[in-house]
Amino acid sequence: MSEKIVKTDSGIEIKKIYPTEVFNAGLPGQFPFTRGIHEGMYRDKPWTIRQYAGFSTAEASNERYHFLLNQGVTGLSVAFDLPTQIGYDSDDPMANGEVGKVGVAIDTLDDMERLFKGIPLEQVSTSMTINATGFILLAFYIALAKKQGADIKKISGTIQNDILKEYAARGTYIYPPKPSMRVITDIFEYCSKEVPKWNTISISGYHIREAGSTAVQELAFTLSNGKAYLKAAIEKGLDINVFAKRLSFFFNAHNHLFEEIAKFRAARKLWAEITSALGATSVEAQKLRFHTQTGGSTLTAQQPMNNIVRVTIQTLAATMGGTQSLHTNGFDEALSLPTQQAAQIALRTQQIVAEESGICDTVDPWAGSYFMESLTQEMEVEVKKVMDKIDAMGGAVHAIEQGFIQEQIASSSFAYTQAIERNEKIIVGVNKYKVEENQTIPIMKIDDQVQTDQISRLRSFKVNRNQATVDDYLQRIQETAQGNENLMPVVIEAVENQCTLGEIAHALRKVWGEYR
């Protein structure tokens, strides 16, 4: 009888038995950080428990944030609606029908103030999933912190700010690649001096994986994008030993427990090698820090309660892989935005794993496992093969412009779908163990009144401001964009003087155009 061949979702063969030679993965907290970036990892401090939330109005989202903080969340994570993500105010015709739907609508500094009402920004870490308009949301956040009387050198958090993966996998870009990269390096430069505890970019593999990539591709494309950001900042004259300390990553966690753990371990080693090769001598600049979100694309509308089990497996993968922070999805997210009950169960999943499972008791529990160490090494080899192809094209920007990364993701997505349809890949409740269902799970719906109220509030805001001052700041932003001066200071002043997100984004569209 022929031996059954078993492979991970990326196609790496899993051997029945692994040889017993000794693997040298180094020590936690030491280069190349395969076993973790801190010597004590969760024995010293558990991962930051975040819950991604934002919907409807600033007030509704603020209420959810207070609920989550009271339930034990240790860091906030903000979702913005589509108009906010692509630079349109809520009263713009392009925003019609989308206001408050997939996240919270933020047009003004007043909106930001209502979003964080009763939450001292100096005392909470905030992650904001925002890219093309990330610099404007960061300006709102800094302006609000100053308004609260906070020391902006003490505020901490992250903006996603990863535009390359938007071109490749997600689509919420505005400007062409060159000016977009300029904005990102301006943020690096500004924050390294003025907001030193802020993570200036979260280089995202999450959306690459959601678009259909394999684990190997997620890692290869993400690290290649990271390499492009490093090179752009170095070309601007920035010190890698300074700015690289504030770079972080955002990865997906899927259901193949072992492959996901190996992916996270390999990521740290590969990034340490990349930063070192580009001149990083600081240990802190060589470390790969990452946030993880459980896999949204793995959730099923069929038998949705099964998703609680999937999210638990993914939580184990992320934490045994050494993540620095984690968001767990609600079981109902294949149906709608998560209800409060679903968000609480997702939060409790993390807390049970942290408090009851023993995962925090030892550093890198998989160290020395012949299976895991071998799988980690094989992951490195396969990732390097893909990265070498991208390097041969001239780097991530050129690979995206040539359509290589997009084509690879699309091909993997198609192959995965076919495997499910042929029953080669089992999804419980979808192509096996199916049942007749009468859907009784409550779902969250966003009332159309949200858009009406947000537009009314925005129009009132615009009427009661000094339009001449607004026009002056928008002109200054355009002039700055045409030169080489850092954009961040004038954008912060602009939002403090009541310029809206859409107005700032449109001012720059006039200078840079839009990417098509």
Side-chain angles (χ1 to χ4, degrees), residues 5-42 47 203 205-206 208-209 213-224 226-227 248-277 283 286-292 294-295 313-324 326 359 362-388 412:
I5 296 175
V6 178
K7 296 183 178 181
T8 70
D9 290 341
S10 292
I12 295 174
E13 185 176 345
I14 298 175
K15 298 178 179 65
K16 183 177 179 180
I17 298 173
Y18 281 79
T20 57
E21 70 259 22
V22 175
F23 289 89
N24 182 15
L27 293 172
Q30 294 183 16
F31 187 92
F33 314 107
T34 307
R35 296 181 60 189
I37 60 170
H38 303 303
E39 182 181 343
M41 288 301 288
Y42 306 144
W47 64 92
I203 305 160
Y206 183 85
I208 290 169
R209 191 69 176 280
S213 80
T214 65
V216 165
Q217 290 171 334
E218 176 191 358
L219 199 49
F221 298 155
T222 306
L223 294 180
S224 292
K227 198 170 173 182
S248 65
F249 286 80
F250 174 25
F251 290 120
N252 210 314
H254 273 220
N255 288 330
H256 196 294
L257 182 70
F258 307 109
E259 179 173 53
E260 295 301 299
I261 296 168
K263 179 186 76 180
F264 298 133
R265 298 174 89 248
R268 283 189 291 270
K269 183 172 186 287
L270 289 164
W271 186 245
E273 291 170 351
I274 289 166
T275 51
S276 179
V283 168
Q286 296 168 343
K287 291 179 179 179
L288 182 143
R289 303 162 182 83
F290 69 99
H291 169 72
T292 308
T294 56
I313 292 169
Q314 294 160 12
T315 298
L316 292 171
T319 53
M320 287 194 282
T323 192
Q324 276 59 69
L326 177 63
I359 274 181
T362 189
V363 178
D364 190 19
W366 287 96
S369 157
Y370 301 113
F371 174 39
M372 184 56 64
E373 298 290 10
S374 178
L375 192 57
T376 301
Q377 288 189 357
E378 288 184 65
M379 179 69 69
E380 291 172 35
V381 169
E382 295 304 313
V383 169
K384 283 179 179 177
K385 287 179 184 176
V386 179
M387 292 186 73
D388 286 346
S412 293

_Student check: side-chain heavy atoms of Ile203 and Thr222 closer than 4.5 Å_ = yes
Using atom types as modelled, flag every donor-acceptor pair under 3.5 Å from a side chain in residues 27-41 to any protein atom, sequence neighbours excluded.
residue	atom	partner	partner atom	Å
Arg35	NE	Asp364	OD2	3.4
Arg35	NH1	Gly26	O	3.2

*Measure from the side-chain N and O atoms of Glu218 to the backbone N and O of Ile208, and report whether any donor-acceptor pair falls under 3.5 Å.*
no
_Under a 4.0 Å threshold between the charged nitrogen and the carboxylate oxygen, would Lys269 count as salt-bridged to Glu273?_
yes
_Do Thr8 and Phe258 have side chains that approach each other closer than 4.5 Å (heavy atoms only, starting at C-beta)?_
no
*asked:* Can you confirm whether Leu219 sits close enough to Val386 that some side-chain heavy atom of one is under 4.5 Å from a side-chain heavy atom of the other?
replied: no
*So, for Ala215 and Glu260, which heavy atoms are closest and what is the spacing to 0.1 Å?*
CB-OE2, 4.0 Å
*Taking atom OG of Ser412 and atom CZ of Arg209, what is their separation to the nearest 0.5 Å?*
10.0 Å
*asked:* Against Tyr206, only a single residue in Phe250, Phe251, Phe249 fulfils ring pair (Phe, Tyr, Trp, His ring centres under 6.0 Å); can you say which?
replied: Phe250
*Would you say Lys263's side chain and Asn252's backbone share a donor-acceptor pair under 3.5 angstrom?*
yes
*Report the distance from atom CD of Glu259 to atom CG of Asp9, rounding to the nearest 0.5 Å.*
6.0 Å
*Quick one: pull up CD1 in Ile5 and NZ in Lys15 and give me the separation to the nearest 0.5 Å.*
12.0 Å
_Donor + acceptor pair across side chains of Ser10, Glu382 (<3.5 Å)_ = no
_How long is the straight-line distance from OG1 of Thr323 back to CZ of Phe290, given to the nearest 0.5 Å?_
4.0 Å
